[in-house]
Amino acid sequence: SVQRQENTANPLLRLRRYQMSLSARLREQLSGPQTAGPLLALAVGDSRWLSEQDWQRLRNFGLTHLFVISGLHLAAVAGFVYLALGGLLRVLSALSQTRCSSETMLVTLTLLAAMGYALLSGFSLPVQRALLGLAFVLVPKMLGRSAVGSRSFWVALLVLLCFDPLATLSASFWMSFGAVGMILWFLHWRRQASGLTQFVSLQAYLLLAMAPLSLLWFASAAGPGAVVNLVAVPVLTLVVVPMLLLSMLTLSSPAISDALLWLPQRIIELLWRGMAYWEIRLPELAIAGAHITPGVAVLGLLLILLLVVPQ
């Protein structure tokens, strides 16, 4: 009885119980196991339904990061909420002929939505770092100041290390901050490129830049990851994740929730079939078994950093 009261009073246990309850309700709405596993991982961070074969396939194609809730998903949720609320408030302002929106309101509601999604996903270390970084970008915007990307990056890194210095011992710390750092470095030197050219070049650069860290921590690096990510990243973050969130908000109306889940399920089915098709025809999809030392990884990163610096 005492233990039951303690479990009820523990907010983390209550949050975990709610997360599992929501996962179970959402799973009932999904049509099959092939789509249930990936979509539950994207929606509430419940990866129990992804098999080891699924994870290996995602590693081979460099897509693991898309199915572990992290900064990419949090940014997509924050962007979706910010744009949707901004549009709604502008419509209300036009209809009532009064000013219904303010930057402070938009940023506050966006941060609350991002915090809710972070808690729902389990509040893992990568999500905590992403939420911290998001706050460093949005709060200056709310105060009418410009948030310099590199400055926000270093401040977020410093604050995280003050609260959790042992985070440097985890692979996720180096992979997440390494990826953001590489993006900022690339954009600093290659600002003059057009939108599509810059996006393609950035994906190729990230594939190369993250290879030393992947080989250091996991002894493997994805082969065709850049090409696959060119399509998978925008589709999953801009289409699948927002529609999943809307479907969770409408679970009390099964007809609406089913309608919203139809497209995400078709996209996941197409992605899984595509990976299975090319997996057979391209057996060597990853550089595997090539574990490197920290010194070699640092040397590799320094050479990759110099690639984008004008000669």
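Residue numbers count from 1 along this sequence. In what follows, every heavy atom counts, from backbone to side chain, and hydrogens, waters and symmetry copies are set aside. The structure presented is a predicted model; accordingly, all values stated were derived computationally and were not measured.
- Here the side chain of Gln265 pairs no donor or acceptor atom with the backbone of Thr35 at under 3.5 angstrom.
- Using a distance-only test at 3.5 Å, with no hydrogens or angles considered, no donor-acceptor pair links the side chain of Ser253 to the main chain of Thr250.
- Side-chain contact between Tyr117 and Leu131: absent, with no pair of heavy atoms (C-beta onward) separated by less than 4.5 Å.
- Proximity of a side-chain donor or acceptor of Ser121 to a complementary backbone N or O of Gly45 within less than 3.5 Å is not detected.
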For this session: Report the C-alpha distance between Ile268 and Gln34 in whole Å, list the side-chain angles of each, state the deciding distance to 0.1 Å, and finish with yes or no for side-chain contact (heavy atoms from CB on, under 4.5 Å).
Result: CA-CA 8 Å; Ile268 292 298; Gln34 187 183 58; 5.7 Å; no
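- Annotation: side chain of Leu85 is not in contact with side chain of Met105 (no heavy-atom distance under 4.5 Å).
- Ser252 approaches Arg25 most closely through the heavy-atom pair N-NH2, 3.9 Å.
- Each of Thr110, Leu106, Leu245 was evaluated against Val81; a single residue qualifies, Thr110, per the side-chain contact (heavy atoms from CB on, under 4.5 Å) test.
- Between the side chains of Asp54 and Trp49, no donor-acceptor pair is found at a separation under 3.5 Å.
- Two different hydrophobic clusters hold Leu158 and Leu166 under the rule that ILVMFWY side chains link at heavy-atom gaps under 4.5 Å.
- Atom OG of Ser23 sits about 3.5 Å away from atom CG of Asp46, to the nearest 0.5 Å.
- For the atom pair Trp185 CH2 and Leu307 CG, the distance stands at 11.0 Å (nearest 0.5 Å).
- The shortest heavy-atom contact between Leu74 and Ala114 is CD1-O, 3.4 Å.
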Problem set entry | Full working for side-chain contact (heavy atoms from CB on, under 4.5 Å) between Leu111 and Val107 | CA-CA 6 Å; Leu111 282 174; Val107 170; 4.1 Å; yes
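- In this structure the side chain of Val77 never reaches within 4.5 angstrom of the side chain of Tyr82, judged on heavy atoms.
- Hydrophobic clustering, with ILVMFWY side chains joined whenever heavy atoms are under 4.5 angstrom apart, keeps Leu270 apart from Leu58.
- When ring centroids are compared, Trp272 and Phe61 stay outside the 6.0 Å threshold.
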Identify each donor-acceptor pair in which a side-chain atom of residues 230-240 lies under 3.5 Å from a protein atom, sequence neighbours left out, and give them as a table.
unit_1 : atom_1 : unit_2 : atom_2 : d
Thr237 : OG1    : Val233 : O      : 2.5

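- Rounding to the nearest 0.5 Å places CE of Met248 at 6.0 Å from CG of Leu22.
- To the nearest 0.5 Å, atoms CG (Leu66) and NE2 (His73) are separated by 5.5 Å.
- Note on Met20: it does not cluster hydrophobically with Tyr18, by side-chain heavy-atom contacts below 4.5 Å among ILVMFWY residues.
- In the model, Asp258 has a side-chain atom that pairs as donor or acceptor with a side-chain atom of Gln29 under 3.5 Å.
- Atom CD of Gln53 has 12 or fewer heavy atoms from other residues, nucleotides or ligands within 6.0 Å.
- Taking hydrophobic clusters as Ile, Leu, Val, Met, Phe, Trp and Tyr residues chained together by side-chain heavy-atom distances below 4.5 Å, Ile256 shares a cluster with Met243.
- With hydrogens and angles disregarded, no donor-acceptor distance shorter than 3.5 Å links the side chain of Ser257 to the backbone of Pro254.
- In the hydrophobic cluster analysis, where Ile, Leu, Val, Met, Phe, Trp and Tyr join through side-chain heavy atoms closer than 4.5 angstrom, Trp262 is grouped together with Leu40.
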Exercise. Run the side-chain contact (heavy atoms from CB on, under 4.5 Å) check on Leu63 and Leu271 step by step: do they pass?
Worked result: CA-CA 11 Å; Leu63 295 177; Leu271 176 63; 4.1 Å; yes
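- Sorted by first then second residue, the salt bridge (Lys or Arg N to Asp or Glu O under 4.0 Å) pairs that include residues 266-275, not counting sequence neighbours, are Arg266-Glu269.
- Rounding to the nearest 0.5 Å places CG of Leu244 at 10.0 Å from CG of Leu263.
- Although no hydrogens or angles enter the test, the distance criterion places no donor-acceptor pair under 3.5 Å between the side chain of Ser21 and the main chain of Arg17.
- The nearest pair of heavy atoms linking Gly300 to Pro212 is C-CG, 4.3 Å.
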Exercise. Taking it one step at a time, do Ile69 and Leu42 satisfy side-chain contact (heavy atoms from CB on, under 4.5 Å)?
Worked result: CA-CA 6 Å; Ile69 294 179; Leu42 280 172; 5.9 Å; no
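- Rounded to the nearest 0.5 angstrom, Leu251 CG and Leu260 CG are separated by 10.0 Å.
- Between Pro38 and Leu50, the shortest heavy-atom distance links the atoms N-CD2, 3.6 Å.
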